[in-house]
Amino acid sequence: MSDTTQLPGFIGVLDRASEWFGRTLAWLIIIMMLIQFAIVLLRYAFSVNSIFMQELVMYMHASVFMLAAAYTFRHDGHVRVDIFYRGMTPRRQAVVNILGILLLLIPVMVFVILSSKGYVYNAWRIKETSSDFGGIPAVYLLKTLIPAFAVLMIVQGLIEVVRNGYMFAGRITPPAADDNHLEERV
């Protein structure tokens with residue numbers, strides 16, 4: 001990924017915030033693993049079951065999956081069918097990226113926000129809780145991850161539009177080509 005300091009002021013700040021947020025979310029994976037280990041230990045060694053802890057793992061998994069998607073996008077870790085893309089010049093890749101973001105990513109994320117609005121609103125209106133006794137009484141927070149995911153993706157998409165616009169204009173040097181495509185060797 002290119003250097004964030006080459007991006008204009010506010011966009012660079014947003015890009016660094018996205019990087020920090022993604023790295024911070026990664027710690028949830030370790031915490032989630034430790035809680036899952038405790039669940040298994042409690043269940044099989046002491047015959048104790050905790051619905052709260054099970055739901056906590058589910059909430060953390062959903063948080064990592066939904067909120068770290070923008071971080072994955074920032075690091076070009078998303079799925080791409082790059083039969084033609086890999087052979088393109090960096091300028092053409094920048095154009096493909098910009099068009100993909102503006103014509104696909106942003107419209108889909110706006111649809112996600114609009115289609116989840118009522119769903120999330122109703123959950124907040126009734127302060128929806130877990131249907132299981134002893135579960136987490138904040139299902140409405142879990143459902144809020146849906147529009148939060150879409151907003152983060154839109155913000156990161158706009159950052160990438162600026163980054164690719166700068167690459168197209170030659171104001172940012174494109175990242176070095178990575179010819180190590182391990183997925184093709186499997």
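- Nearest approach of Leu142 to Ala62, heavy atoms of both residues: CD1-CB, 3.6 Å.
- Proximity of Leu152 to Phe21: side-chain heavy atoms (C-beta onward) are separated by under 4.5 Å at one or more points.
- Put simply, the residue from Ile101, Leu99, Leu105 that forms a side chain to side chain contact (heavy atoms under 4.5 Å, CB included) with Leu103 is Leu99.
- If you chain together hydrophobic residues whose side chains sit under 4.5 Å apart, Phe111 and Leu104 never meet in one group.
- Two different hydrophobic clusters hold Met53 and Val40 under the rule that ILVMFWY side chains link at heavy-atom gaps under 4.5 Å.
- Remark: Leu102 engages Ile98, Ile106, Val161 in a side-chain contact (heavy atoms from CB on, under 4.5 Å) (not counting sequence neighbours).
- When all heavy atoms of Gln156 and Arg163 are compared, the pair lying nearest together is NE2-NH2, 4.2 Å.
- In this structure, Ser116 contributes its side chain and Tyr119 its backbone to no donor-acceptor pair below 3.5 Å.
- Within the 3.5 Å criterion, the main-chain N or O of Tyr140 finds a donor-acceptor partner in the side chain of Thr144.
- Within 6.0 Å of the CZ atom in Phe65, the count of heavy atoms belonging to other residues, nucleotides or ligands does not exceed 12.
- Put simply, Leu67 and Met33 are part of two different groups of oily side chains (I, L, V, M, F, W, Y) that touch within less than 4.5 Å, one to the next.
- Under a hydrophobic clustering in which Ile, Leu, Val, Met, Phe, Trp and Tyr are joined whenever their side-chain heavy atoms come within less than 4.5 Å, directly or via other members, Ile172 and Phe10 fall into the same cluster.
- Around atom NZ of Lys127, more than 12 heavy atoms belonging to other residues, nucleotides or ligands sit under 6.0 Å away.
- You'll find the side chain of Tyr59 reaches within 4.5 Å of the side chain of Val139, heavy atoms only.
- Distance check, rounded to the nearest 0.5 Å: CD1 of Ile35 to CG of Leu42 gives 11.5 Å.
- Closest of all the heavy-atom pairs between Glu55 and Ser130 is OE2-OG, 2.5 Å.
- The shortest heavy-atom contact between Ile51 and Phe133 is CD1-O, 3.5 Å.
- The shortest heavy-atom contact between Ser18 and Tyr71 is O-CD1, 3.9 Å.
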Subject >> side chain to side chain contact (heavy atoms under 4.5 Å, CB included) assessment of Gln54 paired with Ile39 >> reply: CA-CA 7 Å; Gln54 290 175 356; Ile39 290 169; 4.1 Å; yes

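- Contact detail for Met66 and Leu145: the closest heavy-atom pair is CE-O, 3.8 Å.
- The hydrophobic cluster containing Ile113 does not contain Tyr121, counting ILVMFWY residues as joined when their side-chain heavy atoms lie under 4.5 angstrom apart, directly or transitively.
- When the shell of 6.0 Å around CH2 of Trp20 is examined, it contains 12 or fewer heavy atoms from other residues, nucleotides or ligands.
- Without hydrogens or angle criteria, Asn97 side chain to Gln93 main chain gives a donor-acceptor distance under 3.5 Å.
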**OP:** Verify side chain to side chain contact (heavy atoms under 4.5 Å, CB included) between Met153 and Phe149, making sure each step is shown before the conclusion.
**Re:** CA-CA 6 Å; Met153 288 297 288; Phe149 150 75; 3.5 Å; yes

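- Residue pairs meeting the salt bridge (Lys or Arg N to Asp or Glu O under 4.0 Å) criterion with at least one partner in residues 22-45, sequence neighbours excluded, are Glu19-Arg23.
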